[in-house]
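In what follows, a structure is listed as structure tokens, so that the remarks can point back to it.
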Amino acid sequence: MHAGQLSEPTQTHQLGEFRPEQDCLFVSGQSCLISRGMAKRFTLAINDTEALASQLQQQLDAHAASHQDHAIAFGVIPFCKQQQAQFIIPEQVSTLDKQLFAQCLSAQHTSAQTPNRLQSVHYKQDRAHFEQTVRDAKALFADGELDKIVLSKQVELQFEQPLDQVGVLAQLLAQSPSGYHFSIPSQLHDAETKQAAGVLMGVSPELLLRKSDGQIFSNPLAGSIPRDPCPSVEAQRRSTLFASKKDRYEHAVVLQDMAQILGPLCTQLHIPEQPDLLSTATMWHLSTVIEGTLCAPQQPAIALANRLHPTPALCGKPTALAYQHIDTLEGHGRGLFSGIVGWCDNQGNGEWVVVIRCGYLQANLATLFAGAGIVAASDPSSEWLETEAKLNTMLNALDVRHAYHLATKHTL
Ligand SMILES: C=C(O[C@H]1C=CC=C(C(=O)O)[C@@H]1O)C(=O)O
């Protein structure tokens, strides 16, 4: 594997079956990093970045020494710094071309699978509650305490039969040609609590950090508008988003925070003055590509990513205060949602993206997550609609978008 980036795909032969409950997938650009089997599975505390980086290094070095190989770990770091990160060092890792992997997955999926039939929808936080939290947050802005807070909801979708996880992943690949697809076997909290196992699966549009040869890259997103099938409406939405002072502010707060953290760690840091627009299959976002050269090129990617996480794209500003308010306003833990997911190796390389546009899949249950950045100019109803639009990535992949909207008509 070349420093910090997924290497050119090396494997062109038949991949064999991908089993989401035990194999890991991380897609970046045209390459997929795919694991087979678990050599080691462990959790690590994340509230001390130095300790996290050195303990992970020990695990990777031990694996590399016993296998006379280069070692890679896949990991998920939760939103809350008091919880534990989950890591898997696989028995085998390969890189594969994305199109080829998508074809293998579709071929694997041709067996007579029944469609996912939605039985019920349960909001952990319904529309009235969510909009009230936005109003409560706005009162905090008025007091001058906060600049920004990200508020979120979780929706539980119960199905008649166990979910066809391979089918959901195949759909994510087919429907979202860009973005960072991931599928990681994980526990809802951490391996210690022996929670029912599940799979965290989705396609994140947001790169938190990639490290390559002492260079770092990040692509924070903040400020959003849903896409529209009609080209003229779509053009109007793009210009509305680009010109929106509220969205520009939401975005600027993220960049300021990242510049404060990365600036002292870099000999040069390039942050363009104006954002770009980035599209996913369902949303437009304000987007900025950040590039920097590290003062200490040997700093491991995991340490940099854990230092940046959570940015104000997922938490708020000031971070600690926003975090406290999220805890009370949302009223339920986020767990792995709005954490970070990615890979790292024993040479300090790695790539981490934020855990959004995803779901946690367990047997007949899919728990989906969506959040929205709230600033003083936010409108509660528009923010709710933004979170509904963000759910569409997973609703499309589960093939229940229509059924979901019928079931929740009264909330729109
Ligand atoms: C929290 C989410 O999106 C973040 C990433 C991009 C744009 C965002 C926004 O405009 O609010 C959010 O900060 C989500 O998709 O659940």
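Indexing begins at 1, ligand by ligand and atom by atom, following the structure's order. Every heavy atom of this structure was used, including side-chain atoms; hydrogens, water molecules and symmetry mates were not.
Using a 4.5 Å heavy-atom cutoff, the side chains of Trp352 and Ile302 are in contact. Residues Arg41 and Pro185 form a side-chain contact, since some pair of their non-hydrogen atoms from C-beta on lies under 4.5 Å apart.
Residue, atom and distance of the protein heavy atom nearest to atom 8 (C) of ligand 1 are Lys390 NZ, 3.3 Å. Counting protein heavy atoms only, atom 15 (O) of ligand 1 is closest to Arg357 NE, 2.6 Å. Closest to atom 2 (C) of ligand 1, if we only count protein heavy atoms, is Gly371 O, 3.5 Å. Closest to atom 4 (C) of ligand 1, if we only count protein heavy atoms, is Ala313 O, 3.6 Å. If you check which protein heavy atom lies closest to atom 11 (O) of ligand 1, you get Gly373 N, 2.8 Å. Shortest contact from atom 10 (O) of ligand 1 to any protein heavy atom: Ser224 OG, 2.5 Å. Of all protein heavy atoms, the one lying nearest to atom 5 (C) of ligand 1 is Glu206 OE1, 3.3 Å.
Ligand 1 places these atoms under 4.0 Å from at least one heavy atom of Ala372: 11 (O). With ligand atoms numbered from 1 in the order given, ligand 1 contributes 16 (O) to contacts under 4.0 Å with heavy atoms of Ala370. The atoms of ligand 1 that sit less than 4.0 Å from any heavy atom of Glu250 are 9 (C), 10 (O), 11 (O). Atoms of ligand 1 found under 4.0 Å from any heavy atom of Phe369, numbered from 1 in the order shown, are 16 (O). Taking a cut-off of under 4.0 Å to the non-hydrogen atoms of Glu386, the atoms of ligand 1 that pass are 9 (C), 10 (O), 11 (O).
Taking the ring centre of Phe242 as origin, the terminal cationic atom of Arg248 falls inside the region bounded by 6.0 Å and 45° from the ring axis.
Donor-acceptor pairing under 3.5 Å is lacking for the side chains of Asn392 and Asn396. In this model, no donor atom of one side chain and acceptor atom of the other lie less than 3.5 Å apart for Gln86 and Thr43. Using modelled atom types, one finds no donor on one side chain facing an acceptor on the other under 3.5 Å when comparing Gln154 with Tyr360.
A donor-acceptor pair under 3.5 Å links the side-chain atoms of Lys138 to the main chain of Ser378, judged by distance alone.
Note: Phe79 and Tyr323 have tilted aromatic rings, judged against thresholds of 30 and 60 degrees for the angle between ring planes.
No N or O atom of Leu314 sits closer than 3.5 Å to an N or O atom of ligand 1.
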